[in-house]
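Only one structure is covered here, and it is reproduced in the block below.
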Amino acid sequence: MFEFCADPSSLDGVRWFSCYLTNGVHMLFYQSFLTVFTLLAIAAPLSLAFGFAAATASRARFLPARILGKGYTSMVRGVPDIVFFLFFVLVLDQGIEFIRHSITCPDWDQPIRQGANFLVCDAARTPQGNAPQWVHEGYNFGLAIFTYAIVFGAFCGNVLYGAMGAVPKPQIETAAAYGMSQRQVFWRVVVPQMWVYALPGLSNIWMILIKATPLLFLLGIEDIVYWAREIGGSRNSRFAYPHPDWRFWYFLGLLVFYLGFTRVSEIVLARVTRRLTRGQATAGGEAMRKAAT
Amino acid sequence: MIKLILTTTALTMAAGVAFADSHSVVRLGTEGAYPPYNFINDDGEVDGFERDLGDELCARAELTCVWVTNDWDSIIPNLTSGNYDTIIAGMSITDERDEVIDFTQAYIPPSPSLFMGMDDGITLEGAMIAAQTNTIQAGYVATLDGVTLIEFATPDETVAAVRNGEADAVMADNDFLLQIAAEDDDLMIVLDPVSLGDGVAMGLREGDELIAAFDAAITSMKEDGTLNALLVEWFGDEAVTW
């Protein structure tokens with residue numbers, strides 16, 4: 001990066017570190033923080049959408065919808081995250097390949113499952129073996145995001161279901177007395193008011209989601225944990241910047257990063273809670289009203 | 001949700017048509033954590049003996065190759081399921097592996113495996129030996145009576161286990177250990193070398209037509225001496241050559 005970095009072996013002290021911390025692998029390490037933020041940026045709204053759908057389905061009068069909604073939330077909530085992550089990514093991958101296999105290679109006569117192997121015809125391989133590397137990485141990342149959304153969607157679904165039930169009954173009855181239809185009551189009274197009840201639960205899930213991002217490493221995605229372990233490991237003179245085992249410092253860095261990130265989240269969430277509490281018929285809303293007068 | 005699945009399916013199928021020509025790009029799978037065989041260098045690229053070898057083989061076989069890295073633990077399953085086309089990761093030929101995948105001819109001759117520890121006087125009896133999971137060395141240590149095997153996912157962790165005293169010695173390929181022992185005053189080669197495996201070769205899916213292409217390229221490199229030159233360049237003057 002800097003001009004004096006051309007010959008790392010001649011450097012020492014600050015200069016060595018400034019070159020070391022800006023070399024190629026460190027750039028990849030810094031980029032992997034973006035991977036984590038991207039995951040959060042996509043998985044969080046998607047989980048909320050899944051959760052909203054699940055909560056709505058759980059409240060439906062139509063029995064199959066209710067079974068589907070409740071089945072989804074209780075099943076995912078009951079299985080350990082890591083098991084579900086490893087399992088679901090595999091299922092999704094093999095499911096996609098199986099569907100494409102059935103469409104593209106109807107004449108295939110060999111079994112797809114051969115021992116530990118899952119073998120489909122070449123045309124059904126997803127992504128294609130000779131696709132560029134970014135397609136492979138993007139596909140794996142997409143599967144991971146989808147799995148996060150499924151898992152955290154179930155938690156969100158449970159929270160939102162409870163929040164919808166916590167909206168005071170008299171308000172719903174009043175709305176109905178004004179002649180609103182079921183749909184109008186739901187969208188105009190229940191949904192706008194439920195957030196304040198949902199927020200404590202949702203902020204908890206957000207924190208858990210942040211702390212679950214290192215699971216990406218388990219799914220073979222080169223995230224911050226992967227690079228911290230990779231770069232922190234001892235490096236002999238084969239490398240331009242040899243150093244002993246520094247994993248301690250890299251993991252300490254990750255620890256600080258996660259602590260800082262969750263702290264910032266807490267501050268933002270506290271503000272959002274204040275905003276949503278205003279004028280609500282809850283203990284918090286009441287306290288705010290009294291303080292104002 | 002169903003809509004989402006359908007859209008992704010449609011997208012991937014459209015992508016499939018565009019890249020239908022198989023083997024237009026050969027994906028070389030390696031571990032990237034086993035210097036000097038293969039490692040990720042400071043620029044974030046695959047480097048090492050096998051990087052030079054693989055690039056040369058692809059040039060001779062007139063193939064377009066790309067490098068991908070994969071954990072050692074799942075390197076064979078991901079080959080058979082088609083995530084990449086070859087394994088070129090310091091993998092020794094063994095009968096167990098040969099049942100699942102096919103090997104080219106060896107590009108590194110059979111060479112001894114070594115133990116490295118901090119104490120010259122240790123005996124194998126009652127020792128704790130670190131080795132990487134699914135390696136021939138781990139398989140060998142597991143068969144020894146009175147020796148405890150401690151397995152790790154990456155080569156670096158096996159060495160770290162010796163440094164912090166968790167294991168009495170680490171067992172691995174000689175070229176990996178010799179360079180580490182040479183640079184670290186605390187670590188030294190201990191016990192006697194053991195001959196394991198039938199040499200290091202590329203692994204491919206069974207019956208893959210690429211095997212013949214790579215075999216021919218390896219033969220030509222052996223004949224004109226470039227392979228020996230590469231072995232000496234990366235493994236030093238004492239390297240076992242053809």
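Protein chains get the first letters and strands the later ones, always in sequence-line order, with residue 1 at the start of each.
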Check: In Å and rounded to the nearest 0.5 Å, what is the CD to CG distance from B:E183 to A:N236?
Finding: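 Going from the CD atom of B:E183 to the CG atom of A:N236 covers 4.5 Å.
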Margin query: For the OG atom of A:S234 and the CG atom of B:D184, what is their distance to the nearest 0.5 Å?
Written below: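 Going from the OG atom of A:S234 to the CG atom of B:D184 covers 8.5 Å.
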Notebook entry, point to check: Would you find a donor on one side and an acceptor on the other, under 3.5 Å apart, between the side chain of B:D42 and the backbone of A:Y241?
Noted result: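 The answer is yes, because a donor-acceptor pair under 3.5 Å joins these two groups.
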Margin query: Please check this pair: side chain of A:Q133 against backbone of B:V66, looking for a donor-acceptor N/O pair closer than 3.5 Å.
Written below: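 It does not hold such a pair.
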Tell me whether [X] at atom [atom1] has more than 12 heavy atoms from other residues, nucleotides or ligands lying less than 6.0 Å away.
X: A:I67; atom1: CD1; value: yes
X: B:M118; atom1: CE; value: yes
X: A:F239; atom1: CZ; value: yes
X: A:Y30; atom1: OH; value: yes

Next item on the list: Answer with side chain, backbone, both or neither: which region of B:S74 has an atom nearer than 4.5 Å to a non-hydrogen atom of chain A?
Entry: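 Contact with chain A is absent: no heavy atom of B:S74 under 4.5 Å.
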Next item on the list: Measure B:D47 against the heavy atoms of chain A and call it side chain, backbone, both or neither at under 4.5 Å.
Entry: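 No part of B:D47 comes within 4.5 Å of chain A.
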Notebook entry, point to check: What residue, out of B:W67, B:Y84, B:W234, has the most heavy-atom pairs lying under 4.5 Å from chain A?
Noted result: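 Among the listed options, the one with the most contacts to chain A is B:W234.
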Notebook entry, point to check: Which pair of heavy atoms, one from B:I40 and one from A:R235, lies closest together, and at what distance?
Noted result: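 Taking every non-hydrogen atom into account, O-NH2, 3.7 Å.
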Check: Just checking heavy atoms, which of residues 151-170 of chain B are less than 4.5 Å from chain A?
Finding: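 Only B:T154, B:D156, B:E157, B:A160, B:R163 of residues 151-170 of chain B have a heavy atom under 4.5 Å from chain A.
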Check: Considering heavy atoms only, which positions within residues 27-39 of chain B lie below 4.5 Å of chain A?
Finding: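 So far as heavy atoms go, B:R27, B:G32, B:P35, B:P36, B:F39 are the residues that approach chain A to under 4.5 Å.
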Item checked: Side chain / backbone / both / neither for A:E97 at chain B, heavy atoms under 4.5 Å ->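 When you check distances to chain B, no heavy atom of A:E97 falls under 4.5 Å.
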Item checked: Region of A:D245 in contact with chain B, defined by heavy-atom distances below 4.5 Å ->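 Looking at A:D245, just its side chain touches chain B.
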Checklist line | Beyond-backbone contact of B:V68 with A:H136, side-chain heavy atoms, under 4.5 angstrom | finding: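 No - every pair of side-chain heavy atoms lies 4.5 Å or more apart.
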